Amino acid sequence: MPPPKANKLAFLTQTAPASYVAGLGRGASGFTTRSDIGPAREGPSAEAIAEAQARRGEEIEPDAEAYQDPDNETGLFAGMVEAREKDEAARLRAERPKIQTQFADLKRGLSSVTDTEWENLPEVGNLTGKKRKRDLRERTYAVPDSIIAGDRDRGAMETTLDEQQQMHGGFDTPADGTLTNLVEIGQARDNLLSLKLDQISKGSGTSTSIDPKGYLTDLSTVVHKSDAEIGDIKRARMLFDSLVKSNPKHAPGWIAAACVEEHAGRMVVARKIIKAGCENCPTNEDVWLEAARLHPNDDAKVILANAVQHVPQSVKIWLTAAELEHELKAKKRVLRKALEQIPNSVVLWKQTISLESEPADALILLSRAVEVLPHSVELWLALARLESPEKAQQVLNKARRAVPTSHEIWIAAGRLIEQNALSGEKSEAEKKKELDSVDRSIELGVKVLRKNQVMLTRDQWLAEAEKCEMEGSLRTCEAIIKATVAMDVEEEDRESTWVDDVEAALGKGRIGTARAILSYALRVFPDKRALWRRAADLEKAHGTRETLDAILSQAVKYCPQAEVLWLMHAKEKWVAGDVEGARKVLMQAFDANPESEQIWLAAVKLDTESGELDVARELLARARSVANTERIWMKSAVFERQRGRLQEALQMIEGGLQRFPKFPKLHMLKGQILTDANDVPGARTAYATGVKACPKSVPLWILSSRLEERDNRAIKARALLEKARLVNPKNDNLWAEAVEVEERAGATTQANAVLARGLQECPTSGLLYSMSIWFHPKPVRKARAVDALKKTQDDARVICTIACVFWEDGSYEKARTWFARAKTADPDNGDIWATWWKFEDRKGTKEQRDMVTEMCVAAEPHHGRKWPEIAKDVRNVGRSTAQILELVAPTMRDIL
């Protein structure tokens, strides 16, 4: 039988050794804190420690102090201080024992507690609030019978009807064969609520009426201050309080302190502070004004009354006091008192005069004002405006003597002379004489100002001229321009500088100033065609027919060799309906330019439009003998063709080709005539001769290709275009024609390939890019359009195509905007106008379409891919621009 195992826990029931100290082996023998004096607990004595060491067989360490030298006083007497400290510690422990010392006997008594007693100790958690809460949840209450009955009947269904319901068929009220419309009931309720809200918003005049919008506005104005703002206000309050205490004479400090309190909503404190500021700074006007602002109207009047006693020379205080008065008499009384104190204040005089409703009273005040303030230009000018014309001249003369350095007085004098000249019934000679004196007055004024060292710059004088124009004094504006526009300008830069001034004035909308500058420039440079042309354009855009006719008459007088001026003059006469006048102008032009091709053709056109065909034919014959140019021969053939005389036209062409064989338009005209006569071989021969003689003529190649395509010879047409591209490389019109040939043949893939090749050769062609956009799917067209716009540098044809893309997407306003941009970029392109007109015809209104027509007529377009072809068709001879527009529009691309 194996021996019984030893109990490992038997030591727990044994008596501890005499020298046993709990925790001594692991170093837990106590520690000393700042509040403790001496050891935390009483340790074993030295004898006990020595006995334990001897029992364990350990060597006893010798005492180092036992062999201390008696002569060493430090070693001998060192223990005396330690002894005293121990005694003191013991005494303190006896007087104030530690908590753990007081319970030390109880702790030692825990060693006698058995396991059963330890297990029977109560849990700490049972004594907390959890037990009480659990007990509360476990409580029960009696439920009322009404709740039980209601819960029982909540899901029940009524299966019986009372007597009233039985009488009316199940309804509480008789139905009369109709059903209740809940939708109408809801609409009626909404209408009723809307009516009530309208009544409330209008207000009934009682204290209970509410303005919803005003109430919400008031709520939105409520300021909620955060903690940070409150803290900032407190710091600001302390800062400004320290400021006004350290320097009570510093007025801005008082104002700032009052504003802080106002911002914090403490108006009473703010008024108290600003009152103290007025007492400490009685001579500062800003403090008084701030005090008046912070107080009600009546109190503010009292404050400002005290203020004017301390600061009687403050204009601001007097003006504020006048503003606080509501009655006109009171305002006048305050301002007159102010003038007694400050008679040299222009502001007070102007404010006082502005309150006078009668001109006579204002005149008296102004007379007194200029006596007190003779150097005030404003008062002199105001007095001159109120006086009669005769006395106003005297007033301005006095003003010039009083203020010789004021240019405003001289300008006012000029305006007065102009006003007198234009008023009343006077003859033209008298008016002209008086208006000429305006020029003399302004010129004299400029000289006097220079003499008095008043040197206004040229730009300042131009600004004064524009101001005069804006106020209606055009002759004064012109006089200022005459006297000053040549100031500080180098002789060689005069023309360019004045042209820039004209453009600047037109940019500001100052037409009179621009006209005056051009008039002066034409006096200096009467032989400059560009200046006359610019002046004519200005009058055509902003003037009348009379002024335009006068300008053109002067232009052809000074520039008789300028053909364009003669033609403009004749055209304006013809447009105005003066055919005889236009014919006389052209006769004068013949005398000045006998060999001018343009004048001959203009005369022919005038007679043709007037129905004088025989005269036009004779003029063409004379022109062929006198001028003898290729264009005259071409116009002669066109004239005969339009009259239906094809043989005579062919004879004219043959005669012209004999003299000018390299003129491509004669070859084109011959081919077109033969094509219309269905003479395809003859037309082919004509075009072949033309491209051989004029290989650089792109329209001639295109017409030859279209002839072959019309004859169902598409391969020949492609070959001609290929040959034309070799002779004329990098020509986008030839590539565009090749793409259209493939499209008309139904070869879309081949057309796309040709277009890609064309874009490689012409990477900046707006025509090809505008065509390529339509070859892409609809979702990517806008992106392709953006790339095209960048690469073509805002080409008008690309812009027009972008407008069509927006049209296709349904963005009609954007499309209209882009059409306007395209028109601005190239107003001479008739295809753009036709596309825009087509858009307005389908998606716009009649007014918008008519507006496009009017702008197109004003622009008079001549170019494009479709426009010249239709405009020059024999069947459309004599049609107006508006009619041609309506004919070209259907040929443009259809946008579904």
Side-chain angles (χ1 to χ4, degrees), residues 377-378 380-382 384-385 392-393 396 399-400 403-423 431-432 434-491 493-525 528 531 534-535 537-539 541-544 547 550-551:
V377 177
E378 295 179 85
W380 281 110
L381 295 179
R385 282 192 292 267
Q393 188 65 38
L396 290 176
R400 281 199 293 263
V403 192
T405 59
S406 172
H407 65 279
E408 293 93 342
I409 296 177
W410 287 99
I411 294 174
R415 295 182 59 186
L416 178 63
I417 296 172
E418 180 183 1
Q419 180 182 355
N420 294 336
L422 297 177
S423 62
K431 287 183 180 180
K432 186 177 183 304
E434 292 186 11
L435 289 175
D436 290 341
S437 63
V438 177
D439 300 338
R440 294 193 296 270
S441 176
I442 296 298
E443 185 178 358
L444 177 62
V446 173
K447 293 180 180 179
V448 172
L449 290 173
R450 286 184 179 180
K451 184 178 179 181
N452 288 280
Q453 303 299 319
V454 179
M455 303 297 292
L456 268 71
T457 64
R458 183 170 169 278
D459 293 337
Q460 289 176 328
W461 281 113
L462 290 177
E464 292 294 336
E466 293 175 358
K467 183 178 178 182
C468 289
E469 179 190 357
M470 184 175 60
E471 294 175 356
S473 301
L474 294 178
R475 188 54 187 268
T476 307
C477 168
E478 184 179 353
I480 294 173
I481 294 298
K482 290 179 181 178
T484 61
V485 74
M487 186 185 298
D488 302 330
V489 180
E490 298 293 336
E491 185 174 355
D493 298 334
R494 288 182 297 177
E495 182 180 358
S496 60
T497 302
W498 292 337
V499 169
D500 294 339
D501 293 338
V502 170
E503 296 297 334
L506 289 176
K508 299 176 184 177
R510 300 289 174 254
I511 309 302
T513 304
R515 186 182 286 116
I517 296 173
L518 271 176
S519 177
Y520 184 85
L522 287 172
R523 291 192 188 96
V524 179
F525 303 107
K528 293 291 184 180
L531 290 177
R534 190 179 294 273
D537 292 338
L538 176 64
E539 295 301 331
H542 304 285
T544 61
T547 58
I551 285 290

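Because the structure is predicted, anything quoted here is derived from the model rather than measured.
Counting only distance, with no hydrogens or angles, the side chain of Trp461 and the backbone of Ala483 share no donor-acceptor pair below 3.5 Å. The backbone N or O of Lys447 sits nowhere less than 3.5 Å from a side-chain atom of Arg450 that would complete a donor-acceptor pair.
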Q: For Leu531 and Val499, run side chain to side chain contact (heavy atoms under 4.5 Å, CB included): C-alpha distance rounded to whole Å, both residues' side-chain angles, the deciding distance at 0.1 Å, then the answer.
A: CA-CA 8 Å; Leu531 290 177; Val499 169; 3.9 Å; yes
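Under the side chain to side chain donor-acceptor pair (under 3.5 Å) criterion, Glu434 pairs with Lys426, sequence neighbours left out. The side chain to side chain donor-acceptor pair (under 3.5 Å) search around Glu495 returns none, not counting sequence neighbours. With sequence neighbours left out, Gln393 forms a side chain to side chain contact (heavy atoms under 4.5 Å, CB included) with Asn397, Arg400, Leu416, Ile417.
Contact check for Glu478 versus Arg515: no side-chain heavy atoms found under the 4.5 Å cut-off. A heavy-atom distance below 4.5 Å is found between the side chains of Lys482 and Arg523. With a 4.5 Å cut-off on side-chain heavy atoms, Ile480 and Val446 do not count as touching. Contact of the Leu435 side chain with the Glu418 side chain is registered, since non-hydrogen atoms from C-beta on lie closer than 4.5 Å. Side-chain contact between Arg534 and Glu503 is present, with at least one heavy-atom pair separated by less than 4.5 Å. Between Asp488 and Thr457 the shortest side-chain heavy-atom distance does not fall below 4.5 Å. Inter-residue side-chain proximity for Thr484 and Ile442 is flagged as unmet; no heavy-atom pair is nearer than 4.5 Å.
With salt bridges taken as basic N to acidic carboxylate O contacts below 4.0 Å, one links Lys432 and Asp436.
Inspection of the Glu466 and Thr513 side chains reveals no N or O donor paired with an N or O acceptor under 3.5 Å.
For Glu408, the CD atom is densely surrounded, since the number of other residues' heavy atoms within 6.0 Å is greater than 12.
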